[in-house]
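Notes follow the structure.
These numbers come from the heavy atoms of this one structure, side chains and all, not from hydrogens, waters or symmetry mates. Naming: A, B, ... by sequence-line order, numbering from 1 per chain.
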Amino acid sequence: MPELAEVETVARGLKALRGRRLVGVFVHDGRDCLLTPGRLAWLCGRRLAAVERWGKWLGLRLADGHRQPLWLLLHLGMTGRLLRASAGAPLPPHTHLRFALDTGEELRYSDPRRFGAVQVLAGDELRQWLARLGPDALAISWTAFRARLQRRARIKALLLDQRVLAGLGNIYADESLWRAGIHPARPACSLSAAERMRLWRSMRVVLRQAIRYRGTSVADYVDLDGRRGAFQKHLHVYGRAGQPCRRCRTPLVRILLAGRGTVLCPRCQPEGG
DNA sequence: AAGATTACCTGAAGGC
DNA sequence: TGCCTTCAGGTAATCT
């Protein structure tokens, strides 16, 4: 599941392609993912000028001399992949889009489960579009994070809400809460200042470690060059229900929260706080 | 109206 | 062996 660390890994790979010109766009099956299908043709002839990441979104800035820059925005959803390949290489199934580069290489966007999205924005539309996203989980300050938890919703639901905080998904929400010793079902506003600080710090440590290991590959995720991440070997709770807590050996418990499977240590993350 | 739940999608995995 | 059901989860839409 591409979350912040996986998207960051892809973004870093894309930065090696800065300066390359986009010479062709091919749509194979973009039924749902293409939010602005008519705009894809605008991209042709432009050069990749910059690569950004906002939460789980990738932003490719495509420049063309004096004209207004365009942004190609990509979300990998749950099973989305962005792969660099030579133009003649066999096309994997569920490839929705291909972007041909002036090097003879292609960027290929595939997504079997179709939860991803692709959008093209003019430069002056970006600010408004970004307003719907909360601050990036690695960029948010401690004071801003603390303030955003002043709500009654369960803390895990807030961590997953991209309008509150952008970048966390099911894996890193569970890992961050375990590291901070906070039960995912607790009302966010019930967390003390010390607990909020632990959570902010834990989130940052988990995400940075995950980026260092080039992301978590539990199922589909691979980077731009098809390589799996390695952080799945370092997960403490996600996917470990029934196994002993790495801190206290208590068997980990799985519950349903915010419609998501949630794994926690009942001893290290007491419900009462 | 904030917070909770459901729908969307499709491959993998398990049951019988 | 093969068909059926269930599960996975990011996000938007829908409920309460």
Spacing between A:Tyr238 atom OH and C:dA8 atom P, to the nearest angstrom = 8 Å

query = What is the distance, rounded to the nearest whole Å, between atom CZ of A:Arg113 and atom P of B:dA12?
reply = 8 Å

message = What is the distance, to the nearest angstrom, from the CG atom on A:Leu257 to the P atom on B:dA4?
response = 8 Å

task = Please state how far atom CZ in A:Arg186 lies from atom P in B:dG3, giving the value in whole angstrom units.
result = 16 Å

inquiry  = So that I can tick it off, tell me whether A:Asp64 and A:Arg67 are bridged by a salt bridge, with the cut-off set at under 4.0 angstrom between side-chain N and carboxylate O.
reply    = yes

query = Hey, are A:Tyr221 and A:Thr79 close enough side-chain-wise for a donor-acceptor pair under 3.5 Å?
reply = no

N/O donor-acceptor pair, side chain A:Arg114 with base C:dT11, under 3.5 angstrom = no

request  = Could you say whether A:His94 or A:Ala258 is positioned toward the 5' end of DNA chain B, judged by the nucleotide with the nearest heavy atom to each?
outcome  = A:Ala258

Criterion salt bridge (Lys or Arg N to Asp or Glu O under 4.0 Å) on A:Asp161 and A:Lys156, from CA distance to verdict = CA-CA 9 Å; A:Asp161 188 336; A:Lys156 177 167 176 180; over 6 Å; no

inquiry  = Give the residues of residues 145-170 of chain A touching DNA chain C, defined as any heavy atom closer than 4.0 Å, sorted by residue number.
reply    = A:Gln162, A:Gly169, A:Asn170

inquiry  = If I take atom OG from residue A:Ser86 and atom CG from residue A:Leu101, how far apart are they, to the nearest 0.5 angstrom?
reply    = 11.5 Å

task = Output yes when A:Glu125 and A:Arg39 qualify as a salt bridge under the 4.0 Å nitrogen-oxygen rule, no when they do not.
result = yes

ask   = At under 4.0 Å between heavy atoms, what does A:Met1 touch on the DNA or RNA strands: base, sugar-phosphate, or nothing?
value = sugar-phosphate

remark   = Which of A:Arg81, A:Arg227, A:Arg214 passes side chain to side chain contact (heavy atoms under 4.5 Å, CB included) with A:Val222? It is A:Arg81

Nucleotide C:dT11, atom C1' - distance to CG of A:Asp111 in whole Å = 12 Å

Side chain of A:Arg260 (C-beta onward), nearest among C:dA8, C:dA12, B:dA7 = B:dA7

